[in-house]
Participant: 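Encoded as structure tokens, here's the structure I'll be asking about.
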Amino acid sequence: MRILLSRAGRALPVVAAAAALAAATALPMATATAAVASPVARAAVGDEAPYIVTVHKDVDPATVARMVGASPDYVYRTALHGFSARLSPGQVVALRVIPGVESVQEDGGVSSFGTAD
């Protein structure tokens, strides 16, 4: 499936998400990680936010990132199985429909108040 491009050369996020959904749902779980869908166009840096994406243990996190055109800041393979990256809204939508993706959460700060007894 070809992705429609605007005059600025950016793919339409809705079309890209639909392409990722079509590619992901057409494949069984075992082969979905091997297929690489057309990448989702990168949005302007101001439109991106940091996310943590977790995937099933039998899915390669780097392959999932490539499926949506993401450039991971970190790829996790031990305690957490997934990656962190700055993602556009279109990439977030595309990730949420890929089989094998467990969660897509915006990265935020964590703090502790008080002490553990």
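Quick note: numbers below take in every heavy atom, side chains included, and nothing from hydrogens, waters or symmetry partners.
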Participant: With sequence neighbours excluded, what pairs up with R96 under the salt bridge (charged side-chain N to carboxylate O under 4.0 Å, His left out) test?
Facilitator: none
Participant: Measure across Y51 and V104 and return the closest heavy-atom pair with its distance rounded to 0.1 Å.
Facilitator: CD2-CG1, 3.8 Å
Participant: Closest heavy-atom contact between T78 and K57?
Facilitator: O-NZ, 3.5 Å
Participant: Kindly state each residue pair satisfying salt bridge (charged side-chain N to carboxylate O under 4.0 Å, His left out) with at least one member in residues 68-83, sequence neighbours excluded.
Facilitator: D60-R77
Participant: Would you please name every residue forming a side chain to side chain contact (heavy atoms under 4.5 Å, CB included) with Y74, sequence neighbours left out?
Facilitator: Y76, S84
Participant: Using atom types as modelled and distance alone, determine if a side-chain donor or acceptor of E102 lies under 3.5 Å from a backbone N or O of T54.
Facilitator: no
Participant: Counting only N and O atoms by type, is there a donor-acceptor contact under 3.5 Å from the side chain of H56 to the main-chain atoms of P99?
Facilitator: no
Participant: For H81 and P61, work out which heavy atoms get closest and say how close.
Facilitator: NE2-CD, 3.7 Å
Participant: Might you point out which heavy atoms bring P72 and A65 nearest each other, and give the distance in Å?
Facilitator: CG-CB, 3.6 Å
Participant: Report the C-alpha distance between I52 and L80 in whole Å, list the side-chain angles of each, state the deciding distance to 0.1 Å, and finish with yes or no for side chain to side chain contact (heavy atoms under 4.5 Å, CB included).
Facilitator: CA-CA 10 Å; I52 303 280; L80 179 71; 4.0 Å; yes
Participant: Kindly write out the residues that satisfy side chain to side chain contact (heavy atoms under 4.5 Å, CB included) with Q105, not counting sequence neighbours, or none if the list is empty.
Facilitator: S103
Participant: Side chains of V53 and L87, heavy atoms from C-beta outward: is any pair under 4.5 Å?
Facilitator: yes
